[in-house]
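Some notes on the structure that comes next.
Just so it is clear: chains get the letters A, B, ... in the order the sequence lines come, proteins before strands, and each one is counted from 1.
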Amino acid sequence: MILFRLSEFAIDIEADRRAIDHPAAGAVVAFEGRVRDHNDGRSVHALDYQAYERLAESQGERVVRAAVVRFGLHRAVAVHRVGSLVIGDVAVWVGVSASHRDAAFDACRWIIDQIKADVPIWKNEHYADGDSGWLHPDGSPTSDLPE
Amino acid sequence: MILFRLSEFAIDIEADRRAIDHPAAGAVVAFEGRVRDHNDGRSVHALDYQAYERLAESQGERVVRAAVVRFGLHRAVAVHRVGSLVIGDVAVWVGVSASHRDAAFDACRWIIDQIKADVPIWKNEHYADGDSGWLHPDGSPTSDLPE
Amino acid sequence: MSVRILYFASLADRAGCSEECVDSPASTANSIYEEARLRHGFAFGIESLRVAVNGAFVSWDSAVSDGDEVVFIPPVSGG
Amino acid sequence: MSVRILYFASLADRAGCSEECVDSPASTANSIYEEARLRHGFAFGIESLRVAVNGAFVSWDSAVSDGDEVVFIPPVSGG
């Protein structure tokens with residue numbers, strides 16, 4: 001079973017949510033990262049995600065599988081969008097089920113943190129003023145870095 | 001707007017999920033507490049929740065409103081079931097939206113912890129062996145406490 | 001003085017009822033509970049319970065008035 | 001030796017392409033990057049990047065072979 005995938009299309013949260021059901025699961029935690037209308041004080045109206053798909057898929061899968069073992073999860077799934085998104089779209093969805101809420105909260109948080117740190121996906125924000133730029137983790141665009 | 005409610009009927013997660021959308025929200029975290037098939041090594045097949053409704057509603061509302069202020073949330077909603085539930089049913093749902101994931105995870109966790117500590121709702125577990133008992137927070141039934 | 005007492009969870013099981021109206025000379029939440037405890041044989045001491053009067057948590061030494069709704073809150077187990 | 005290089009995000013913007021095949025005497029990931037950096041004027045030093053060969057992260061001193069797919073990974077911003 002594939003636990004991490006990239007999606008060119010809107011994430012079907014309800015289907016992915018059902019995929020993590022388990023009769024022994026007392027706790028389900030889900031995280032949605034959504035496109036919001038501002039970043040670092042700038043007004044955002046859309047963005048693109050680009051992935052190095054081959055490596056993103058293998059790294060993402062590794063992250064989610066590691067979480068299942070590390071936190072003793074019953075189920076876990078993560079999905080990340082690629083392509084063009086607008087305000088309110090779900091960019092990334094992470095859902096986990098566990099016997100208890102400690103493990104579920106910790107695992108969900110750990111997965112999204114690992115994805116943000118280690119999975120080769122990049123965000124290009126399009127601002128209301130017409131500017132745009134690829135973001136790197138300190139939150140600043142790099143397209144205008146000095147050479 | 002009411003941010004906490006008791007429900008005699010199955011929680012409509014999709015409707016409650018939509019209620020916490022906000023254009024400035026980059027992070028949505030949702031917790032589901034579900035009825036699981038075991039507790040403390042015993043096989044559970046159903047349970048009842050009972051609430052002192054008047055106080056549960058006011059305490060629950062106070063908890064969710066406090067979280068909105070404390071964590072700077074855009075939106076937050078919590079719903080707790082009362083009545084008879086079976087394995088897999090959602091007993092409690094907490095959803096929050098925030099600009100960033102730190103606040104969303106922390107707030108969602110805080111709300112469920114506060115509900116479990118301070119809102120007058122009690123669980124009666126029905127075990128596969130026919131026994132049943134009201135639970136108190138150490139996880140042990142009290143109906144057979146010494147007098 | 002007459003007060004209405006509501007019982008929940010294991011207290012209701014032990015009392016065999018979820019509600020009773022009692023006439024009592026007791027004038028604090030604490031003394032109302034001690035009477036109920038004797039009447040029903042409750043296991044909980046007040047250190048394990050909270051008490052609400054008219055839908056709000058109060059301290060055990062709070063005064064209780066005629067017509068009040070008094071509820072003893074055993075440790076909760078929602079969620 | 002010929003390798004296929006893929007560029008993403010700001011590296012692709014700077015290179016003006018997302019992919020190129022280069023014939024090079026370079027034999028490590030590090031030296032492949034230094035050539036590409038000179039060619040395209042990349043701002044990133046290798047301390048800011050990771051490198052993948054054939055779909056797996058490797059160290060910068062790893063050997064690169066004819067036909068390999070080499071990808072320089074700028075700081076990621078998914079999520």
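The interface of residues 86-111 of chain B with chain A, defined by heavy-atom distances below 4.5 Å, comprises Ile87(B), Ser99(B), His100(B), Arg101(B), Asp102(B), Phe105(B), Cys108(B), Arg109(B). Residues from residues 50-84 of chain A never place a non-hydrogen atom less than 4.5 Å from a non-hydrogen atom of chain B. The stretch residues 1-24 of chain B places Glu14(B), Arg17(B), Asp21(B), Pro23(B), Ala24(B) near chain A, each with some heavy atom under 4.5 Å from a heavy atom of that chain.
Applying the side-chain hydrogen bond (donor to acceptor under 3.5 Å, both in side chains) criterion to His45(B), with sequence neighbours excluded, gives no partner residue.
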